[in-house]
Amino acid sequence: MPNSQSTIRAVLLSEVRQFVERARFFAGIHRIALIGSLATHKNDPKDADVLVTVDDDADLAPLATAGRRLKGHAQSKNRGADIL
């Protein structure tokens, strides 16, 4: 069954929300922002772009793990995800 555009958008937004729910408690995280096409009204976003502002000395391992999970879930729907 093909993925409808509205379903893809909803899935990507849901996955980003789950990423934010995990990442917001990591030490050294200051801001998490949704950027790119998913932050617009574009009907068929190709990916989810998330900008994360961290301390210089933040442990990036947990953030990388959460980012890989987001990427994997997006890829399962033939879409992408970038954590910047």
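Please read all numbers here as calculations on a predicted model, not as lab measurements.
In this structure, Phe25 shares a hydrophobic cluster with no other residue, the cluster being traced through Ile, Leu, Val, Met, Phe, Trp and Tyr side chains under 4.5 angstrom apart.
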Pair up each side-chain donor or acceptor in residues 34-42 with any protein partner under 3.5 Å, not counting sequence neighbours, and list the distances.
{"from": "Thr40", "atom 1": "OG1", "to": "Ser37", "atom 2": "O", "distance (Å)": "2.7"}
{"from": "Thr40", "atom 1": "OG1", "to": "Lys42", "atom 2": "N", "distance (Å)": "3.1"}

Let me have the donor-acceptor pairs involving side chains of residues 46-64, under 3.5 Å, with sequence neighbours excluded, atom names and distances please.
{"from": "Lys46", "atom 1": "NZ", "to": "Asp44", "atom 2": "OD2", "distance (Å)": "3.1"}
{"from": "Asp55", "atom 1": "OD1", "to": "His30", "atom 2": "NE2", "distance (Å)": "2.3"}
{"from": "Asp59", "atom 1": "OD1", "to": "Ala61", "atom 2": "N", "distance (Å)": "3.1"}

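Among residue pairs with one or both ends in residues 66-75, those qualifying as salt bridge (Lys or Arg N to Asp or Glu O under 4.0 Å) are Lys71-Asp82; sequence neighbours excluded.
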Residues Arg79, Leu12; criterion side chain to side chain contact (heavy atoms under 4.5 Å, CB included); working and verdict: CA-CA 8 Å; Arg79 295 300 191 266; Leu12 288 175; 4.2 Å; yes
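For Gln18, the side-chain contact (heavy atoms from CB on, under 4.5 Å) partners at least two apart in sequence or on another chain are Ser14, Glu15, Arg22.
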